[in-house]
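Chain A is the first sequence line, chain B the second, and so forth, proteins listed ahead of strands; every chain is numbered from 1.
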2 protein chains.
Amino acid sequence: MDALVAIAEPTRRRIVDALRMRACTVSELVAGLGMSQPAVSKHLRVLREAGVVTVEVRAQQRIYRLDPAPFRELDAWLAPYRRMWTHHLAELERHLDSRTRPHDSGPGSEDAAR
Amino acid sequence: MDALVAIAEPTRRRIVDALRMRACTVSELVAGLGMSQPAVSKHLRVLREAGVVTVEVRAQQRIYRLDPAPFRELDAWLAPYRRMWTHHLAELERHLDSRTRPHDSGPGSEDAAR
DNA sequence: GTCATGCATGCCTTGACGGTTATATAACCG
DNA sequence: CGGTTATATAACCGTCAAGGCATGCATGAC
């Protein structure tokens, strides 16, 4: 979950969101972010060391692309919380159910989450 | 996605992970974290203002519990990235396929693994 | 070779943040 | 009422990180 800290930073999340569409060179990112090139390079370094992005050296250019691994990790971390809100939904559903059909006692239609 | 910044901080993630199990008072969190009470209160304030937790006033105690909303939001943000790693898996699968059966050219029977 | 390009690194400043101690507020207990 | 409990807030400090500029280091073009 070290990647989470890296991704949380607003500017880096902009970079990540940009790389989600397609791999980019540093210059392209600089143009899109409206920031100095060193600043972008430093953010890319953080993302690199957190395993969020990988680099492909191509002449003088560096092509950055996302590494799926940390996102899978984030997804795994999020999993137990998913149960939380599905539980909340189920509760709400039961509540609404009991208001609509006050005497419905049977475990009726199950609506699977997502 | 302001909640992401709040959750990214290590101590606050410990708090969130604790609250995932059950709602807690401040004192309980302080005991679990081994930190000063003001420090915990400040983190709780950040989480509160980010919409991550809600408070229930009960005499002198404040019972904190998670609010599912920001986690759903995080899940939604993560969704497009999910497509990324499933795509990677499909690619890897194709690759392994071509190595196992080098002359398999037709898009014939697809045996989906796992 | 020299020059230009693309990027990384070093240094510096500034602002934000996590942690502490001390204090204020509020609710129960006697 | 005074005293205790539970929590928030204030004031302060040390640290760290994000951004800027200047520079170094490769690679390709000439």
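Mapping Val46(A) and Arg62(A) onto DNA chain D by nearest heavy atom places Val46(A) at the nucleotide closer to the 5' end. Both Glu28(B) and Thr11(A) sit near DNA chain D, but only Glu28(B) has its closest nucleotide nearer the 5' end.
Nucleotide dT15(D) holds its C1' atom 13 Å from the CD atom of Glu9(B), rounded to whole Å. Taking atom CZ of Arg13(B) as the reference point, atom P of dC17(C) lies 17 Å away to the nearest angstrom. Going from atom CG of Leu29(B) over to atom C1' of dA6(D) covers 13 Å, rounded to whole Å. For Leu33(B) and dG19(C), the CG to C1' distance is 13 Å, given to the nearest whole Å. The nearest whole Å value for the distance from the CD1 atom in Ile63(A) to the P atom in dT27(D) is 15 Å. One interatomic measurement links the two molecules: CG of Leu44(A) to C1' of dG19(D), which rounds to 15 Å at whole-angstrom precision. Atom CD1 in Ile15(B) sits about 9 Å away from atom P in dG19(C), given to the nearest Å.
Looking at the side chain of Ala59(A), the nearest of the listed nucleotides dA18(D), dG28(D), dT20(C) is dG28(D). Counting only heavy atoms from C-beta on, Gln60(B) has its side chain closest to dA27(C) among dG10(C), dG18(C), dA27(C). Proximity note for His43(B) (side chain, C-beta onward) versus dA8(D), dG19(D), dG19(C): the nearest is dG19(C). Minimum atom distance to the side chain of Arg48(A) is reached by dA8(C), of the listed dG28(D), dG18(C), dA8(C). Checking dT9(D), dA27(C), dA18(D) against the side-chain heavy atoms of Ser41(B) singles out dT9(D) as nearest. Among dG28(D), dA6(D), dG10(C), the nucleotide with an atom closest to any side-chain atom of Gln61(B) is dA6(D). Comparing dT9(C), dG19(D), dT5(D) against the side chain of Pro38(A) picks out dT9(C) as the nearest.
Under a 3.5 Å cut-off, the side chain of Arg65(A) and the backbone N or O of Ala23(A) do not form any donor-acceptor pair.
Atom CG of Asp17(B) is surrounded by more than 12 heavy atoms from other residues, nucleotides or ligands within 6.0 Å.
Using a 4.0 Å cut-off, no side-chain N or O of Arg45(B) falls inside it from OP1 or OP2 of dA8(D). For dA6(D), neither phosphate oxygen OP1 nor OP2 lies less than 4.0 angstrom from any side-chain nitrogen or oxygen of Tyr64(B). For dG19(D), neither phosphate oxygen OP1 nor OP2 lies less than 4.0 angstrom from any side-chain nitrogen or oxygen of Ser36(A).
Using a 4.0 Å heavy-atom criterion, one finds that Arg12(A) contacts the sugar-phosphate atoms exclusively. Residue contacts for Gln37(B): at a heavy-atom cut-off of 4.0 Å it reaches a base atom on one of the strands shown. Here Ala39(A) lies in heavy-atom contact (under 4.0 Å) with sugar-phosphate atoms only.
Between Arg82(A) and Asp75(A) a salt bridge is recorded (basic side-chain N to carboxylate O distance below 4.0 Å). Remark: Arg45(B) engages Glu49(B) in a salt bridge, criterion side-chain N to carboxylate O under 4.0 Å. The pair Glu28(B)-Arg22(B) meets the salt-bridge criterion, since a charged nitrogen lies less than 4.0 angstrom from a carboxylate oxygen.
Taking 3.5 Å as the limit, the base of dG18(C) and the side chain of Lys42(B) contain no donor-acceptor pair of atoms between them.
Note that CZ of Arg48(B) and OG1 of Thr54(B) are 10.5 Å apart. Values are rounded to the nearest 0.5 Å.
Pairing for dG30(C) goes to dC1(D), judged as Watson-Crick or G-U wobble with the two contacts each under 3.5 Å.
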